[in-house]
Amino acid sequence: MASVCKTFSRGFSSSAIRQTTIKHLTVIGGGLMGSGIAQVAASTGHQVSMVDQSDDILNKSKANIGKSLQRVVKKKFADDPKGGEQFLSETMGRIETSTSAVACMEKTDLVIEAIVENLEIKQKLFSELDAAAPKHTIFTSNTSSIPIGDIASSTKRLDRFGGLHFFNPVPVMKLLEVIRIPATSDETFNKLLAFGKDMQKATVNCKDTPGFIVNRLLVPYMIEAVRMLERGDASPRDIDTAMKLGAGYPMGPFELSDYVGLDTMKFILDGWSKNYPENPLFRPSPMLDKLVGEGKLGAKSGEGFYSYKK
Ligand SMILES: C[C@H](O)CC(=O)SCCNC(=O)CCNC(=O)[C@H](O)C(C)(C)COP(=O)(O)OP(=O)(O)OC[C@H]1O[C@@H](n2cnc3c(N)ncnc32)[C@H](O)[C@@H]1OP(=O)(O)O
Ligand SMILES: NC(=O)c1ccc[n+]([C@@H]2O[C@H](COP(=O)([O-])OP(=O)(O)OC[C@H]3O[C@@H](n4cnc5c(N)ncnc54)[C@H](O)[C@@H]3O)[C@@H](O)[C@H]2O)c1
């Protein structure tokens, strides 16, 4: 495994749209979210190191970024194919990959962690990074449900720690939740808000509460749909059709659960039901547990509530 950052496409002179103090960021985790965050950061002029556990995974992440960029180019450069090509190669040229997050720390202004939704694994990662990163580097997590304060407690830079919660698919969804813990300094928080604007996202502020704003409302709704199915009230297809045509949602709750990943849904619910056992909205779901136990994780594994096998 390579342990240094390597560029996979030759860079061009930066055509940055705006730049604040964040010039270089390290995105850890090149899955659904990390690859989207790396893509948007690079396409808005930032230098990016994307880190994952193996070169195989990173190659898939790069391929996914390439495909997603093609969709962006098709829309934004419909009348300018040359400009589209240049945008694509410049964006790719700003992304390096590495299997060692520690090796990327020296030059980085901001870390965005987007690895598996597990507190112990996130804490272990951040305590290693804390020892390696320069003093000014800001640490953030893209966690869906784990308290930012619990993750930050593994470091000695609580004033330079916050949450940046993006939404899937990152290149399309316009929102960024910016979360501060009591120890986050105003300077750090303001830098995170400015970075969100640089990423061309609309930012909202939220305290470090379970699920922040969107997931605190969205996840109970999605799980309530699974409970309807468990009771045999209606089929996934009918529930999805009802919410799309009756409530104007772009995806029904089962399509969205498969899109988000059933493992991520389970991690969220398990954490919340453990921390808040008195809240009936956070009860585990036997059906969700069964699907995840069978490796049916949604679109990314080829099957969840629906089948995606070709
Ligand atoms: C759990 C977590 O912590 C928090 C979360 O993330 S919760 C999940 C939040 N996300 C959602 O709720 C997503 C809900 N779904 C949607 O908004 C839409 O179904 C969707 C944007 C995913 C797809 O839209 P849809 O119209 O069905 O399909 P499609 O036509 O393929 O895409 C719409 C546009 O987005 C673009 N697009 C979709 N996915 C893309 C991607 N990954 N990269 C780049 N562009 C993309 C398409 O190119 C298309 O552009 P166009 O309008 O110019 O043609
Ligand atoms: N899926 C969503 O819709 C969504 C939306 C917002 C936030 N999130 C959060 O973002 C994070 C990532 O979710 P995802 O859906 O992208 O997951 P994913 O499973 O698609 O990707 C996670 C990636 O992290 C890598 N990884 C795991 N441990 C690692 C480590 N120690 N070092 C480096 N890489 C490591 C894995 O190999 C994998 O490629 C989670 O905290 C999740 O809760 C998910």
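Counting starts at 1 for both ligands and their atoms, in listed order. When reading the values below, keep in mind they use all heavy atoms of this one structure, side chains included, and skip hydrogens, waters and symmetry mates.
- Atoms of ligand 2 found under 4.0 Å from any heavy atom of Gly31 (numbered from 1 in listed order, with element): 16 (O), 20 (O), 21 (O), 23 (C), 39 (O).
- Within the 4.0 Å cut-off (strictly below), no protein heavy atom is located near atom 49 (C) of ligand 1.
- Judged by distance alone, the side chain of Thr26 and the main-chain N or O of Ser49 form no donor-acceptor pair under 3.5 Å.
- Checked against Leu25 for a side-chain contact (heavy atoms from CB on, under 4.5 Å), the options Thr140, Ile138, Thr137, Ile112 give a single hit: Ile112.
- Contacts between Val214 and ligand 1 below 4.0 angstrom, taking non-hydrogen atoms only, are absent altogether.
- Nearest heavy atoms, Ala152 versus Ile181: CB-CD1, 3.8 Å.
- Given atom 54 (O) of ligand 1, the protein heavy atom at minimum distance is Lys75 CD, 5.0 Å.
- Of all protein heavy atoms, the one lying nearest to atom 14 (C) of ligand 1 is Pro250 CG, 3.7 Å.
- Within 4.0 Å of atom 20 (C) of ligand 1, not a single protein heavy atom is present.
- Residue His165 approaches ligand 2 through these ligand atoms, each under 4.0 Å from one of its heavy atoms: 6 (C), 7 (C).
- A donor-acceptor contact shorter than 3.5 Å is absent between the side chain of Lys266 and the backbone of Pro284.
- Using a non-hydrogen distance threshold of 4.0 Å, His165 registers as a contact of ligand 1.
- Residues Leu217 and Phe212 are not in side-chain contact: their nearest non-hydrogen atoms beyond the backbone lie 4.5 Å or more apart.
- Residue Ile57 places a heavy atom under 4.0 Å from ligand 2.
- Contact of the Arg283 side chain with the Ile223 side chain is not registered, since no non-hydrogen atoms from C-beta on lie closer than 4.5 Å.
- Across Leu262 and Leu291, no two heavy atoms sit closer than the pair CD1-CD1, 3.8 Å.
- Remark: among candidates Leu32, Val172, Val73, the nearest residue to atom 46 (C) of ligand 1 is Val172, based on non-hydrogen atoms.
- Among protein heavy atoms, atom 36 (C) of ligand 2 sits closest to Asp52 OD1, 3.4 Å.
- Relative ring orientation between Phe282 and Trp272 is described as tilted, the plane-to-plane angle lying within the 30° to 60° band.
- If you look at Asn168 next to ligand 2, the close heavy atoms, those under 4.0 Å, all belong to the side chain.
- Considering backbone and side-chain N/O of Asn168, one or more are found under 3.5 Å from N/O of ligand 1.
- Between the side chain of His46 and the backbone N or O of Ala41 there is at least one donor-acceptor pair closer than 3.5 Å.
- Taking 4.5 Å as the limit, every side-chain heavy atom of Thr108 sits out of range of all side-chain heavy atoms of Gln47.
- The part of Asn215 lying near ligand 1 is the side chain, judged by heavy-atom distances below 4.0 Å.
- Residue-level proximity to ligand 1 for Lys74 is absent, since no heavy atom of it falls below 4.0 angstrom.
- Side chain of Asp109 to backbone of Lys23: a donor-acceptor contact under 3.5 angstrom is found.
- For atom 17 (O) of ligand 2, the nearest protein heavy atom (residue, atom name, distance) is Lys300 NZ, 4.4 Å.
- Note: Phe126 and Phe139 have tilted aromatic rings, judged against thresholds of 30 and 60 degrees for the angle between ring planes.
- Checked by distance only, ligand 2 and Ser144 come closer than 3.5 Å through their nitrogen or oxygen atoms.
- At a threshold of 4.5 Å between non-hydrogen side-chain atoms, the residues Val204 and Leu175 count as touching.
- Per-atom contact check: atom 17 (O) of ligand 1 touches the protein, criterion being a heavy-atom distance below 4.0 Å.
- The proximity of Asn142 to ligand 2, defined as any non-hydrogen pair under 4.0 Å, involves the side chain as well as the backbone.
- Only the side chain of Ile28 comes within 4.0 Å of ligand 2, counting heavy atoms alone; its backbone N, CA, C and O stay farther away.
- Using a 4.0 angstrom heavy-atom cutoff, Gly261 does not count as in contact with ligand 2.
- Residue-ligand proximity, Leu218 to ligand 1, at heavy-atom distances under 4.0 Å covers atoms 7 (S).
- Using a cutoff of 4.0 Å between basic side-chain nitrogens and carboxylate oxygens, Asp233 and Arg227 are not scored as salt-bridged.
- Contact annotation: for Thr264 versus ligand 1, there are no heavy atoms closer than 4.0 Å.
- For ligand 2, none of its N or O atoms has an N or O atom of Leu125 under 3.5 Å away.
- Atom 26 (O) of ligand 1 is never approached by the protein to below 4.0 angstrom, counting heavy atoms only.
- Looking at ligand 1, you won't find any N or O of Tyr259 less than 3.5 Å from one of its N or O atoms.
- Residue Gln53 has at least one nitrogen or oxygen atom sitting less than 3.5 Å from a nitrogen or oxygen atom of ligand 2, judged on distance alone.
- Between Phe166 and ligand 2, not a single N/O pair is under 3.5 Å apart.
- The pair Glu120-Lys124 fails the salt-bridge criterion, with no side-chain N (NZ, NE, NH1 or NH2) lying under 4.0 Å from an Asp/Glu carboxylate O.
- The nearest protein heavy atom to atom 33 (C) of ligand 1 is not closer than 4.0 Å.
- Among protein heavy atoms, the minimum distance from atom 29 (C) of ligand 2 is reached at Ile115 CG2, 3.6 Å.
- Among the atoms of Asp263, none of the N or O lies under 3.5 angstrom from an N or O of ligand 2.
- Contact annotation for Lys122 and ligand 2: only side-chain heavy atoms (C-beta onward) come within less than 4.0 Å of the ligand.
- The N/O atoms of Met33, backbone and side chain alike, include one that comes under 3.5 Å of an N/O atom in ligand 2.
- Ligand 1 is never approached by Tyr249 to a heavy-atom distance shorter than 4.0 Å.
- For atom 41 (O) of ligand 2, the closest non-hydrogen atom on the protein side is Glu117 OE1, 2.5 Å.
- Atom 30 (O) of ligand 1 is not flagged as protein-proximal [any protein heavy atom, distance under 4.0 Å].
- Counting only non-hydrogen atoms, the option in Pro169, Ser35, Gly36 that gets closest to atom 42 (N) of ligand 1 is Pro169.
- In this structure, atom 39 (N) of ligand 1 is in close contact with the protein, since a protein heavy atom lies within 4.0 Å of it.
- The contact set between ligand 2 and Thr143, taken as ligand atoms under 4.0 Å from a residue heavy atom, comprises 41 (O).
- Checking atom 23 (C) of ligand 1 against the protein gives no heavy-atom contact under 4.0 Å.
- For Tyr259 and Tyr308, the ring centers are positioned 6.0 Å apart or more.
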